[in-house]
*Asks:* 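Handing you this structure, nothing more for now.
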2 protein chains.
Amino acid sequence: MNRRTPLTQDRIVTAAIEVADEQGFDAVSMRRVALHLGTGTMSLYRHVADKGELVSAMVDRVTGEYSCTGADTSGMGWRERMHLLARSDWRMFMEHRWMLAATTTLAPPFGPDSLASMEWALEALSPLGLAPHEAARVIMTVTTYVQGSVRVVLGGPGQVRDQDSPGAADPGLQWQARLRDQDIHRFPRLEELVHGHRPEADRDWFADGLDLILDGVPDRSR
Amino acid sequence: MNRRTPLTQDRIVTAAIEVADEQGFDAVSMRRVALHLGTGTMSLYRHVADKGELVSAMVDRVTGEYSCTGADTSGMGWRERMHLLARSDWRMFMEHRWMLAATTTLAPPFGPDSLASMEWALEALSPLGLAPHEAARVIMTVTTYVQGSVRVVLGGPGQVRDQDSPGAADPGLQWQARLRDQDIHRFPRLEELVHGHRPEADRDWFADGLDLILDGVPDRSR
DNA sequence: ACGTGGATGAGTACACCGTACGCATCGTGT
DNA sequence: ACACGATGCGTACGGTGTACTCATCCACGT
(Lines give C-alpha, C1' and ligand atoms only; values in the text may rest on other atoms or scores of the structure.)
Protein backbone atom coordinates (compact mmCIF):
# COMPACT_ATOMS: atom_id res chain seq x y z
CA MET A 1 0.00 0.00 0.00
CA ASN A 2 1.92 3.03 1.22
CA ARG A 3 4.80 2.56 -1.15
CA ARG A 4 5.32 6.28 -1.48
CA THR A 5 6.19 6.82 2.18
CA PRO A 6 8.01 3.71 3.28
CA LEU A 7 7.59 2.32 6.75
CA THR A 8 10.20 3.46 9.22
CA GLN A 9 10.81 2.85 12.88
CA ASP A 10 10.35 6.59 13.32
CA ARG A 11 6.96 6.59 11.65
CA ILE A 12 5.86 3.60 13.70
CA VAL A 13 6.99 5.21 16.93
CA THR A 14 5.23 8.44 16.03
CA ALA A 15 2.03 6.58 15.30
CA ALA A 16 2.28 4.61 18.51
CA ILE A 17 2.74 7.80 20.51
CA GLU A 18 -0.30 9.30 18.83
CA VAL A 19 -2.37 6.27 19.68
CA ALA A 20 -1.16 6.39 23.28
CA ASP A 21 -1.90 10.09 23.58
CA GLU A 22 -5.36 9.76 22.13
CA GLN A 23 -6.60 6.41 23.38
CA GLY A 24 -4.38 5.58 26.33
CA PHE A 25 -1.47 3.28 26.88
CA ASP A 26 -3.51 0.09 26.90
CA ALA A 27 -4.79 0.92 23.44
CA VAL A 28 -1.29 0.64 22.05
CA SER A 29 -1.45 -2.73 20.33
CA MET A 30 0.38 -3.73 17.23
CA ARG A 31 -2.88 -4.03 15.35
CA ARG A 32 -4.05 -0.59 16.32
CA VAL A 33 -0.74 1.07 15.54
CA ALA A 34 -0.76 -0.60 12.16
CA LEU A 35 -4.33 0.50 11.57
CA HIS A 36 -3.31 4.06 12.44
CA LEU A 37 -0.61 3.83 9.81
CA GLY A 38 -2.80 2.12 7.25
CA THR A 39 -0.48 -0.87 7.00
CA GLY A 40 -0.66 -4.50 7.90
CA THR A 41 0.00 -5.55 11.45
CA MET A 42 2.97 -7.74 10.68
CA SER A 43 4.66 -5.06 8.64
CA LEU A 44 5.64 -3.39 11.87
CA TYR A 45 7.87 -6.29 12.78
CA ARG A 46 10.17 -5.49 9.88
CA HIS A 47 11.25 -2.38 11.77
CA VAL A 48 10.61 -3.28 15.38
CA ALA A 49 11.73 -6.50 17.02
CA ASP A 50 9.23 -6.54 19.80
CA LYS A 51 6.39 -4.67 21.31
CA GLY A 52 8.77 -4.03 24.17
CA GLU A 53 11.22 -2.44 21.80
CA LEU A 54 8.45 -0.26 20.43
CA VAL A 55 7.55 0.97 23.88
CA SER A 56 11.18 1.58 24.70
CA ALA A 57 11.50 3.62 21.52
CA MET A 58 8.41 5.58 22.45
CA VAL A 59 9.85 6.38 25.85
CA ASP A 60 13.21 7.34 24.37
CA ARG A 61 11.60 9.64 21.85
CA VAL A 62 9.49 11.50 24.35
CA THR A 63 12.31 11.63 26.89
CA GLY A 64 14.50 13.29 24.30
CA GLU A 65 11.84 15.83 23.40
CA TYR A 66 11.65 17.07 26.95
CA SER A 67 15.35 17.02 27.66
CA CYS A 68 16.91 20.07 29.26
CA THR A 69 20.15 19.63 27.37
CA GLY A 70 19.15 22.11 24.72
CA ALA A 71 18.00 24.84 27.06
CA ASP A 72 19.98 27.99 27.66
CA THR A 73 20.91 27.72 31.31
CA SER A 74 23.67 30.28 31.48
CA GLY A 75 23.22 32.38 34.56
CA MET A 76 21.12 29.76 36.27
CA GLY A 77 22.16 28.41 39.63
CA TRP A 78 22.04 24.72 40.44
CA ARG A 79 18.76 25.15 42.24
CA GLU A 80 17.10 26.83 39.28
CA ARG A 81 18.37 24.09 37.03
CA MET A 82 16.92 21.41 39.25
CA HIS A 83 13.62 23.26 39.09
CA LEU A 84 13.92 23.37 35.33
CA LEU A 85 14.59 19.66 35.24
CA ALA A 86 11.64 18.92 37.47
CA ARG A 87 9.29 21.15 35.47
CA SER A 88 10.34 19.54 32.22
CA ASP A 89 9.69 16.11 33.63
CA TRP A 90 6.39 17.26 35.02
CA ARG A 91 5.29 18.61 31.66
CA MET A 92 6.40 15.43 29.97
CA PHE A 93 4.32 13.21 32.23
CA MET A 94 1.37 15.54 32.02
CA GLU A 95 1.31 15.89 28.27
CA HIS A 96 1.91 12.16 27.76
CA ARG A 97 0.15 10.49 30.66
CA TRP A 98 0.99 7.00 29.47
CA MET A 99 4.67 7.79 30.16
CA LEU A 100 4.14 7.12 33.84
CA ALA A 101 3.01 3.57 33.24
CA ALA A 102 5.53 3.05 30.47
CA THR A 103 8.57 4.18 32.43
CA THR A 104 7.71 2.52 35.71
CA THR A 105 7.08 -0.83 34.10
CA LEU A 106 10.23 -0.60 32.06
CA ALA A 107 13.87 -0.81 32.89
CA PRO A 108 15.55 2.53 33.57
CA PRO A 109 16.22 4.21 30.24
CA PHE A 110 19.70 3.99 28.79
CA GLY A 111 19.18 5.67 25.47
CA PRO A 112 21.63 8.41 24.44
CA ASP A 113 19.15 11.15 25.31
CA SER A 114 18.71 9.76 28.78
CA LEU A 115 22.44 9.61 29.30
CA ALA A 116 22.86 13.17 28.04
CA SER A 117 20.12 14.27 30.38
CA MET A 118 21.88 12.63 33.31
CA GLU A 119 25.12 14.28 32.32
CA TRP A 120 23.37 17.63 32.13
CA ALA A 121 21.97 17.20 35.64
CA LEU A 122 25.32 16.13 37.04
CA GLU A 123 26.84 19.20 35.43
CA ALA A 124 24.17 21.37 36.99
CA LEU A 125 25.05 20.11 40.45
CA SER A 126 28.78 20.43 39.94
CA PRO A 127 29.18 23.76 41.82
CA LEU A 128 28.14 21.97 45.01
CA GLY A 129 31.23 19.79 44.99
CA LEU A 130 29.36 16.62 45.78
CA ALA A 131 30.75 13.16 45.33
CA PRO A 132 29.42 11.66 42.09
CA HIS A 133 27.24 9.13 43.81
CA GLU A 134 25.79 11.86 46.02
CA ALA A 135 24.87 13.97 43.03
CA ALA A 136 23.32 10.96 41.33
CA ARG A 137 21.23 10.35 44.41
CA VAL A 138 19.98 13.91 44.43
CA ILE A 139 18.96 13.60 40.81
CA MET A 140 17.21 10.33 41.43
CA THR A 141 15.38 11.84 44.36
CA VAL A 142 14.23 14.80 42.30
CA THR A 143 13.13 12.58 39.44
CA THR A 144 11.20 10.21 41.66
CA TYR A 145 9.66 13.16 43.47
CA VAL A 146 8.25 14.33 40.17
CA GLN A 147 6.90 10.89 39.36
CA GLY A 148 5.35 10.58 42.79
CA SER A 149 3.71 13.98 42.48
CA VAL A 150 2.39 13.16 39.05
CA ARG A 151 0.97 9.88 40.27
CA VAL A 152 -0.79 11.58 43.15
CA VAL A 153 -2.30 14.17 40.86
CA LEU A 154 -3.26 11.78 38.12
CA GLY A 155 -4.69 9.42 40.69
CA GLY A 156 -4.10 6.30 38.72
CA PRO A 157 -3.77 5.30 35.11
CA GLY A 158 -7.38 5.50 34.02
CA GLN A 159 -8.05 8.89 35.49
CA VAL A 160 -8.35 11.89 33.27
CA ARG A 161 -7.68 15.35 34.59
CA ASP A 162 -8.04 18.56 32.69
CA GLN A 163 -5.33 20.50 34.47
CA ASP A 164 -1.85 20.43 33.09
CA SER A 165 -0.03 22.90 35.29
CA PRO A 166 1.29 21.73 38.64
CA GLY A 167 -0.20 24.57 40.60
CA ALA A 168 -3.72 23.83 39.52
CA ALA A 169 -4.27 20.16 40.30
CA ASP A 170 -4.03 19.92 44.04
CA PRO A 171 -3.34 16.57 45.73
CA GLY A 172 -5.40 17.45 48.77
CA LEU A 173 -8.47 17.82 46.60
CA GLN A 174 -7.86 14.41 45.08
CA TRP A 175 -7.89 12.77 48.47
CA GLN A 176 -11.01 14.58 49.48
CA ALA A 177 -12.87 13.20 46.51
CA ARG A 178 -11.85 9.63 47.30
CA LEU A 179 -12.33 9.18 50.99
CA ARG A 180 -15.65 8.24 52.42
CA ASP A 181 -16.33 10.25 55.52
CA GLN A 182 -17.12 7.35 57.82
CA ASP A 183 -13.68 5.87 57.28
CA ILE A 184 -11.83 9.04 57.90
CA HIS A 185 -12.90 9.66 61.47
CA ARG A 186 -10.69 6.91 62.77
CA PHE A 187 -7.69 8.80 61.44
CA PRO A 188 -7.69 12.28 62.96
CA ARG A 189 -4.49 13.51 61.36
CA LEU A 190 -5.52 12.26 57.98
CA GLU A 191 -8.85 13.96 58.49
CA GLU A 192 -7.12 17.20 59.34
CA LEU A 193 -5.04 16.86 56.21
CA VAL A 194 -8.01 16.25 54.00
CA HIS A 195 -10.62 18.56 55.43
CA GLY A 196 -8.53 21.36 56.82
CA HIS A 197 -7.07 21.87 53.43
CA ARG A 198 -7.21 25.27 51.80
CA PRO A 199 -6.51 25.06 48.08
CA GLU A 200 -5.43 28.66 47.76
CA ALA A 201 -3.05 28.52 50.70
CA ASP A 202 -0.32 26.61 48.92
CA ARG A 203 -0.42 27.60 45.33
CA ASP A 204 2.76 26.01 44.11
CA TRP A 205 3.02 22.95 46.31
CA PHE A 206 5.07 21.21 43.65
CA ALA A 207 7.90 23.75 43.78
CA ASP A 208 7.67 23.98 47.55
CA GLY A 209 8.10 20.25 47.92
CA LEU A 210 11.01 20.30 45.53
CA ASP A 211 12.64 23.06 47.54
CA LEU A 212 12.20 20.92 50.63
CA ILE A 213 14.30 18.25 48.98
CA LEU A 214 16.88 20.69 47.70
CA ASP A 215 17.17 22.23 51.15
CA GLY A 216 18.67 18.97 52.32
CA VAL A 217 21.38 18.96 49.67
CA PRO A 218 24.69 19.90 51.25
CA ASP A 219 27.05 22.42 49.71
CA ARG A 220 30.53 20.96 50.08
CA SER A 221 32.25 23.70 48.11
CA ARG A 222 32.25 26.26 50.89
CA MET B 1 -15.04 -29.72 43.73
CA ASN B 2 -13.55 -28.03 46.80
CA ARG B 3 -16.77 -27.94 48.74
CA ARG B 4 -14.97 -28.50 52.02
CA THR B 5 -13.00 -25.27 51.84
CA PRO B 6 -15.23 -22.82 50.05
CA LEU B 7 -13.79 -20.22 47.75
CA THR B 8 -13.15 -16.88 49.39
CA GLN B 9 -11.73 -13.60 48.20
CA ASP B 10 -9.01 -14.12 50.78
CA ARG B 11 -8.07 -17.53 49.41
CA ILE B 12 -8.03 -16.16 45.89
CA VAL B 13 -5.84 -13.23 46.85
CA THR B 14 -3.46 -15.53 48.69
CA ALA B 15 -3.18 -17.78 45.67
CA ALA B 16 -2.62 -14.85 43.36
CA ILE B 17 0.15 -13.53 45.58
CA GLU B 18 1.78 -16.96 45.58
CA VAL B 19 1.63 -17.09 41.80
CA ALA B 20 3.10 -13.61 41.55
CA ASP B 21 5.89 -14.40 43.99
CA GLU B 22 6.80 -17.62 42.26
CA GLN B 23 6.25 -16.90 38.59
CA GLY B 24 6.21 -13.13 38.31
CA PHE B 25 3.51 -10.54 37.92
CA ASP B 26 2.80 -11.30 34.30
CA ALA B 27 2.00 -14.88 35.22
CA VAL B 28 -0.94 -13.72 37.29
CA SER B 29 -3.82 -14.61 35.02
CA MET B 30 -7.26 -15.68 36.08
CA ARG B 31 -6.68 -19.10 34.60
CA ARG B 32 -3.43 -19.65 36.43
CA VAL B 33 -4.76 -18.45 39.75
CA ALA B 34 -7.72 -20.77 39.36
CA LEU B 35 -5.39 -23.62 38.45
CA HIS B 36 -3.35 -22.88 41.55
CA LEU B 37 -6.52 -23.19 43.61
CA GLY B 38 -7.78 -26.23 41.75
CA THR B 39 -10.99 -24.51 40.74
CA GLY B 40 -12.54 -23.32 37.54
CA THR B 41 -11.49 -20.04 36.07
CA MET B 42 -14.90 -18.45 36.19
CA SER B 43 -15.43 -19.39 39.80
CA LEU B 44 -13.11 -16.58 40.75
CA TYR B 45 -15.54 -14.04 39.41
CA ARG B 46 -18.04 -14.95 42.12
CA HIS B 47 -15.71 -13.33 44.64
CA VAL B 48 -13.79 -10.82 42.57
CA ALA B 49 -15.37 -8.36 40.17
CA ASP B 50 -12.39 -7.77 37.97
CA LYS B 51 -8.80 -8.68 37.50
CA GLY B 52 -8.12 -5.11 38.51
CA GLU B 53 -9.93 -5.66 41.77
CA LEU B 54 -7.88 -8.79 42.35
CA VAL B 55 -4.64 -6.89 41.86
CA SER B 56 -5.85 -4.10 44.12
CA ALA B 57 -6.66 -6.66 46.78
CA MET B 58 -3.21 -8.19 46.37
CA VAL B 59 -1.59 -4.81 46.85
CA ASP B 60 -3.76 -4.03 49.85
CA ARG B 61 -2.95 -7.32 51.49
CA VAL B 62 0.80 -6.99 51.10
CA THR B 63 0.73 -3.33 52.05
CA GLY B 64 -1.00 -4.26 55.27
CA GLU B 65 1.50 -6.99 56.06
CA TYR B 66 4.38 -4.55 55.96
CA SER B 67 2.64 -1.75 57.77
CA CYS B 68 4.49 -0.03 60.58
CA THR B 69 1.31 0.52 62.57
CA GLY B 70 1.90 -2.55 64.70
CA ALA B 71 5.51 -1.82 65.55
CA ASP B 72 6.61 -0.62 68.94
CA THR B 73 7.95 2.83 68.24
CA SER B 74 8.01 4.25 71.74
CA GLY B 75 11.26 6.06 72.26
CA MET B 76 11.83 6.51 68.57
CA GLY B 77 12.31 9.98 67.17
CA TRP B 78 10.61 11.11 63.99
CA ARG B 79 13.76 10.45 62.01
CA GLU B 80 14.05 6.89 63.21
CA ARG B 81 10.42 6.32 62.41
CA MET B 82 10.88 7.58 58.88
CA HIS B 83 13.79 5.18 58.55
CA LEU B 84 11.60 2.39 59.85
CA LEU B 85 8.93 3.30 57.33
CA ALA B 86 11.43 3.36 54.50
CA ARG B 87 12.97 0.03 55.50
CA SER B 88 9.59 -1.62 55.72
CA ASP B 89 8.69 -0.38 52.28
CA TRP B 90 12.03 -1.50 50.98
CA ARG B 91 11.59 -4.99 52.36
CA MET B 92 8.10 -5.15 50.94
CA PHE B 93 9.23 -4.32 47.43
CA MET B 94 12.18 -6.66 47.69
CA GLU B 95 10.29 -9.65 48.97
CA HIS B 96 7.44 -9.12 46.51
CA ARG B 97 9.06 -7.70 43.43
CA TRP B 98 5.82 -7.56 41.48
CA MET B 99 4.63 -4.89 43.91
CA LEU B 100 6.62 -2.26 42.06
CA ALA B 101 4.79 -2.85 38.81
CA ALA B 102 1.48 -3.39 40.57
CA THR B 103 1.55 -0.18 42.59
CA THR B 104 2.91 2.10 39.90
CA THR B 105 0.35 1.00 37.37
CA LEU B 106 -2.45 1.28 39.86
CA ALA B 107 -4.18 4.18 41.52
CA PRO B 108 -2.78 5.16 44.90
CA PRO B 109 -4.05 2.70 47.47
CA PHE B 110 -7.01 3.70 49.60
CA GLY B 111 -7.59 0.53 51.58
CA PRO B 112 -7.93 0.79 55.34
CA ASP B 113 -4.39 -0.43 55.91
CA SER B 114 -2.99 2.22 53.61
CA LEU B 115 -4.94 4.91 55.42
CA ALA B 116 -3.75 3.63 58.79
CA SER B 117 -0.21 3.64 57.48
CA MET B 118 -0.55 7.23 56.37
CA GLU B 119 -1.99 8.18 59.73
CA TRP B 120 0.95 6.48 61.45
CA ALA B 121 3.42 8.42 59.36
CA LEU B 122 1.65 11.72 59.99
CA GLU B 123 1.72 10.92 63.69
CA ALA B 124 5.44 10.18 63.49
CA LEU B 125 6.10 13.62 62.02
CA SER B 126 3.87 15.44 64.49
CA PRO B 127 6.69 16.64 66.79
CA LEU B 128 7.98 18.77 63.92
CA GLY B 129 4.91 20.95 63.94
CA LEU B 130 4.51 20.91 60.18
CA ALA B 131 1.38 21.90 58.37
CA PRO B 132 -0.55 18.78 57.34
CA HIS B 133 0.13 19.19 53.68
CA GLU B 134 3.82 19.66 54.41
CA ALA B 135 3.95 16.44 56.39
CA ALA B 136 2.10 14.62 53.63
CA ARG B 137 4.65 15.88 51.16
CA VAL B 138 7.51 14.60 53.26
CA ILE B 139 5.90 11.19 53.45
CA MET B 140 5.28 11.10 49.73
CA THR B 141 8.87 12.08 49.11
CA VAL B 142 10.16 9.31 51.36
CA THR B 143 7.86 6.75 49.79
CA THR B 144 8.77 7.68 46.25
CA TYR B 145 12.44 7.73 47.21
CA VAL B 146 12.10 4.12 48.27
CA GLN B 147 10.38 3.17 45.05
CA GLY B 148 12.98 4.97 42.99
CA SER B 149 15.78 3.22 44.84
CA VAL B 150 14.13 -0.13 44.42
CA ARG B 151 13.65 0.46 40.74
CA VAL B 152 17.28 1.39 40.28
CA VAL B 153 18.43 -1.71 42.12
CA LEU B 154 16.01 -4.06 40.46
CA GLY B 155 16.87 -2.55 37.10
CA GLY B 156 13.54 -3.18 35.51
CA PRO B 157 10.77 -5.69 35.86
CA GLY B 158 12.38 -8.74 34.31
CA GLN B 159 15.63 -8.51 36.21
CA VAL B 160 16.32 -10.88 39.04
CA ARG B 161 18.77 -9.99 41.76
CA ASP B 162 19.84 -12.18 44.61
CA GLN B 163 20.48 -9.44 47.12
CA ASP B 164 17.68 -8.42 49.42
CA SER B 165 19.35 -5.95 51.74
CA PRO B 166 19.75 -2.35 50.62
CA GLY B 167 23.41 -2.16 51.52
CA ALA B 168 24.38 -5.00 49.28
CA ALA B 169 22.93 -4.19 45.87
CA ASP B 170 24.72 -1.07 44.77
CA PRO B 171 23.22 1.15 42.07
CA GLY B 172 26.61 2.16 40.77
CA LEU B 173 27.42 -1.41 39.93
CA GLN B 174 24.18 -1.74 38.02
CA TRP B 175 25.09 1.17 35.80
CA GLN B 176 28.52 -0.17 35.21
CA ALA B 177 27.12 -3.41 33.90
CA ARG B 178 24.82 -1.65 31.45
CA LEU B 179 26.87 1.03 29.82
CA ARG B 180 29.00 0.30 26.83
CA ASP B 181 32.32 2.04 27.10
CA GLN B 182 32.27 3.80 23.77
CA ASP B 183 29.11 5.67 24.70
CA ILE B 184 30.30 6.79 28.05
CA HIS B 185 33.27 8.87 26.94
CA ARG B 186 31.05 11.61 25.67
CA PHE B 187 29.72 12.09 29.17
CA PRO B 188 32.66 12.76 31.48
CA ARG B 189 30.70 13.25 34.68
CA LEU B 190 28.66 10.16 34.04
CA GLU B 191 31.87 8.31 33.38
CA GLU B 192 33.30 9.53 36.64
CA LEU B 193 30.18 8.38 38.41
CA VAL B 194 30.30 4.95 36.90
CA HIS B 195 34.00 4.18 36.88
CA GLY B 196 35.22 6.11 39.88
CA HIS B 197 32.79 4.22 42.01
CA ARG B 198 34.04 2.35 45.07
CA PRO B 199 31.46 -0.13 46.29
CA GLU B 200 32.86 -0.27 49.82
CA ALA B 201 33.01 3.50 50.19
CA ASP B 202 29.31 4.02 50.74
CA ARG B 203 27.98 1.00 52.49
CA ASP B 204 24.49 2.16 53.31
CA TRP B 205 23.70 4.46 50.43
CA PHE B 206 20.00 3.88 50.95
CA ALA B 207 19.99 5.30 54.48
CA ASP B 208 22.35 8.09 53.47
CA GLY B 209 20.06 9.20 50.68
CA LEU B 210 17.11 9.07 53.00
CA ASP B 211 18.95 11.23 55.50
CA LEU B 212 19.65 13.70 52.74
CA ILE B 213 15.92 14.08 52.26
CA LEU B 214 15.19 14.27 55.96
CA ASP B 215 17.87 16.92 56.38
CA GLY B 216 15.70 19.22 54.32
CA VAL B 217 12.67 18.79 56.54
CA PRO B 218 12.22 21.89 58.68
CA ASP B 219 11.50 21.72 62.39
CA ARG B 220 8.86 24.34 63.08
CA SER B 221 8.42 23.42 66.72
CA ARG B 222 11.48 25.19 67.97
C1' DA C 1 -39.97 -35.50 54.56
C1' DC C 2 -40.11 -32.97 50.71
C1' DG C 3 -39.87 -29.74 47.17
C1' DT C 4 -37.81 -25.30 46.07
C1' DG C 5 -35.09 -21.34 45.51
C1' DG C 6 -30.93 -18.86 46.03
C1' DA C 7 -26.01 -19.16 46.32
C1' DT C 8 -21.99 -21.07 44.46
C1' DG C 9 -19.00 -23.43 41.01
C1' DA C 10 -17.83 -24.52 36.36
C1' DG C 11 -17.97 -24.70 31.04
C1' DT C 12 -18.33 -22.53 26.67
C1' DA C 13 -17.58 -18.82 23.68
C1' DC C 14 -15.95 -14.37 22.00
C1' DA C 15 -13.00 -10.62 21.08
C1' DC C 16 -8.52 -9.22 21.49
C1' DC C 17 -3.58 -9.68 22.17
C1' DG C 18 1.57 -10.70 20.62
C1' DT C 19 3.88 -12.87 17.15
C1' DA C 20 6.02 -17.17 14.20
C1' DC C 21 5.79 -18.39 9.64
C1' DG C 22 5.37 -18.18 4.74
C1' DC C 23 4.09 -15.85 0.59
C1' DA C 24 3.60 -11.75 -2.73
C1' DT C 25 5.56 -7.86 -4.50
C1' DC C 26 8.79 -4.33 -5.59
C1' DG C 27 13.29 -1.84 -6.64
C1' DT C 28 17.74 -2.45 -7.91
C1' DG C 29 22.31 -4.44 -9.52
C1' DT C 30 24.10 -7.26 -12.92
C1' DA D 1 16.07 -9.41 -18.93
C1' DC D 2 16.90 -11.64 -14.98
C1' DA D 3 17.72 -12.72 -10.19
C1' DC D 4 17.70 -11.48 -5.67
C1' DG D 5 17.35 -9.18 -1.40
C1' DA D 6 14.31 -6.02 1.00
C1' DT D 7 9.89 -4.92 2.25
C1' DG D 8 4.92 -5.50 3.13
C1' DC D 9 1.28 -8.45 4.43
C1' DG D 10 -2.23 -12.58 5.51
C1' DT D 11 -2.94 -16.58 8.17
C1' DA D 12 -2.72 -19.07 12.26
C1' DC D 13 -1.65 -20.31 17.09
C1' DG D 14 -1.63 -19.99 21.89
C1' DG D 15 -2.70 -16.87 25.36
C1' DT D 16 -5.67 -13.35 27.86
C1' DG D 17 -10.07 -11.19 30.32
C1' DT D 18 -14.67 -12.03 30.86
C1' DA D 19 -20.04 -12.30 29.44
C1' DC D 20 -23.32 -15.68 29.45
C1' DT D 21 -25.35 -20.06 30.63
C1' DC D 22 -25.96 -24.21 32.92
C1' DA D 23 -25.08 -27.65 36.89
C1' DT D 24 -24.97 -28.50 41.58
C1' DC D 25 -25.60 -28.06 46.40
C1' DC D 26 -27.49 -26.32 50.92
C1' DA D 27 -30.84 -24.41 53.68
C1' DC D 28 -35.26 -23.43 54.50
C1' DG D 29 -40.54 -23.18 54.56
C1' DT D 30 -44.10 -26.09 54.41
Side-chain angles (χ1 to χ4, degrees), chain A residues 1-60 98 101-102 105-107 156-158, chain B residues 1-60 98 101-107 156-158:
Chain A
M1 175 172 285
N2 265 323
R3 277 289 183 279
R4 225 83 293 260
T5 57
L7 224 46
T8 332
Q9 167 142 350
D10 274 351
R11 284 188 64 214
I12 296 175
V13 171
T14 305
I17 291 176
E18 285 173 9
V19 170
D21 283 341
E22 293 163 11
Q23 314 181 45
F25 190 49
D26 290 345
V28 178
S29 73
M30 302 306 266
R31 293 192 218 294
R32 234 176 310 241
V33 172
L35 198 74
H36 197 76
L37 284 165
T39 73
T41 306
M42 284 305 113
S43 311
L44 306 182
Y45 284 92
R46 292 281 172 197
H47 308 270
V48 159
D50 241 11
K51 184 184 177 179
E53 191 182 288
L54 207 190
V55 175
S56 286
M58 292 168 67
V59 170
D60 279 348
W98 50 271
T105 309
L106 243 53
Chain B
M1 175 172 285
N2 265 323
R3 276 288 182 280
R4 225 78 299 257
T5 57
L7 224 47
T8 333
Q9 167 142 349
D10 275 351
R11 284 188 63 215
I12 295 175
V13 171
T14 305
I17 291 177
E18 285 173 10
V19 170
D21 284 340
E22 292 164 12
Q23 313 181 45
F25 191 50
D26 289 345
V28 178
S29 72
M30 300 308 265
R31 284 170 171 76
R32 230 175 314 242
V33 172
L35 198 75
H36 197 74
L37 284 166
T39 73
T41 307
M42 284 303 115
S43 311
L44 305 182
Y45 283 92
R46 291 282 170 194
H47 309 270
V48 159
D50 241 10
K51 184 182 177 181
E53 191 182 287
L54 206 190
V55 175
S56 286
M58 292 168 68
V59 170
D60 278 349
W98 50 271
T103 53
T104 50
T105 309
L106 243 53

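Just so it is clear: chains get the letters A, B, ... in the order the sequence lines come, proteins before strands, and each one is counted from 1. Computed from a predicted model, the values in this text were never measured in an experiment.
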*Asks:* Take atom CE of A:Met42 and atom P of C:dC17, then tell me their distance rounded to the nearest Å.
*Replies:*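 A:Met42 atom CE is separated from C:dC17 atom P by 11 Å.
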
*Asks:* With respect to the side chain of A:Lys51, which nucleotide from D:dT18, C:dG18, C:dG9 is positioned closest?
*Replies:*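 Closest nucleotide to the A:Lys51 side chain: C:dG18.
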
*Asks:* Judged by each residue's nearest nucleotide on DNA chain C, which is more toward the 5′ side, A:Arg46 or A:Val28?
*Replies:*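 It is A:Val28, whose closest nucleotide lies nearer the 5' terminus.
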
*Asks:* In whole Å, I'd like the distance from the CG atom of B:Asp50 to the P atom of D:dT16.
*Replies:*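 My rounded result for the distance is 17 Å.
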
*Asks:* Distance from A:Leu7 atom CG to A:Arg46 atom CZ, nearest 0.5 Å?
*Replies:*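 Atom-to-atom, A:Leu7:CG and A:Arg46:CZ are 11.0 Å apart.
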
*Asks:* Just N and O in the side chain of A:His47: are any of them under 4.0 Å from OP1 or OP2 of D:dA6?
*Replies:*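 Result: no.
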
*Asks:* Does the side chain of A:Ile12 come within less than 4.5 Å of A:Val33's, by heavy atoms?
*Replies:*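 Touching, per the 4.5 Å side-chain cut-off.
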
*Asks:* Report the distance from atom CE of A:Met30 to atom OG1 of A:Thr41, rounding to the nearest 0.5 Å.
*Replies:*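 Those atoms lie 8.5 Å apart.
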
*Asks:* In Å, rounded to the nearest 0.5 Å, how long is the span from OG1 of B:Thr39 to CG of B:Leu44?
*Replies:*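 CG of B:Leu44 is found 5.0 Å from OG1 of B:Thr39.
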
*Asks:* Below 4.5 Å, heavy atoms only, C-beta onward: do B:Gln23 and B:Arg32 meet side chain to side chain?
*Replies:*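 Side-chain contact under 4.5 Å: yes.
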
*Asks:* Is the shortest side-chain N/O distance from A:Arg32 to OP1 or OP2 of C:dC16 below 4.0 Å?
*Replies:*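 It does not, given that no N or O in the side chain of A:Arg32 lies less than 4.0 Å from OP1 or OP2 of C:dC16.
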
*Asks:* How long is the line joining CG of A:Leu35 and P of C:dC16, in whole Å?
*Replies:*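 From A:Leu35 CG to C:dC16 P: 12 Å.
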
*Asks:* Which whole-number value in Å describes the distance from B:Leu7 CG to D:dC25 P?
*Replies:*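 About 16 Å, once rounded to whole Å.
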
*Asks:* D:dT11 P sits how many Å from A:Met30 CE, rounded?
*Replies:*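 So the CE-P distance, A:Met30 to D:dT11, works out to 19 Å.
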
*Asks:* Rounding to an integer number of Å, can you tell me how far A:Leu54 CG sits from C:dG18 P?
*Replies:*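 The distance from CG of A:Leu54 to P of C:dG18 comes to 10 Å, rounded to the nearest Å.
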
*Asks:* Could you give the OH-to-P distance, from B:Tyr45 to D:dT16, as a whole number of Å?
*Replies:*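 It works out to 11 Å between those atoms.
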
*Asks:* From CD1 of B:Ile12 over to C1' of C:dA10, roughly how many Å is that when rounded to an integer?
*Replies:*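 Rounded to the whole Å, the gap is 13 Å.
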
*Asks:* Classify the side chain of A:Arg31 and the base of C:dT19 as holding, or not holding, a donor-acceptor pair under 3.5 Å.
*Replies:*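 A donor-acceptor contact between them is present.
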
*Asks:* At less than 4.0 Å, is any side-chain N or O atom of B:Ser29 found next to OP1 or OP2 of D:dT16? Yes or no.
*Replies:*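 Checking D:dT16 against B:Ser29, a side-chain N or O does come within under 4.0 Å of OP1 or OP2.
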
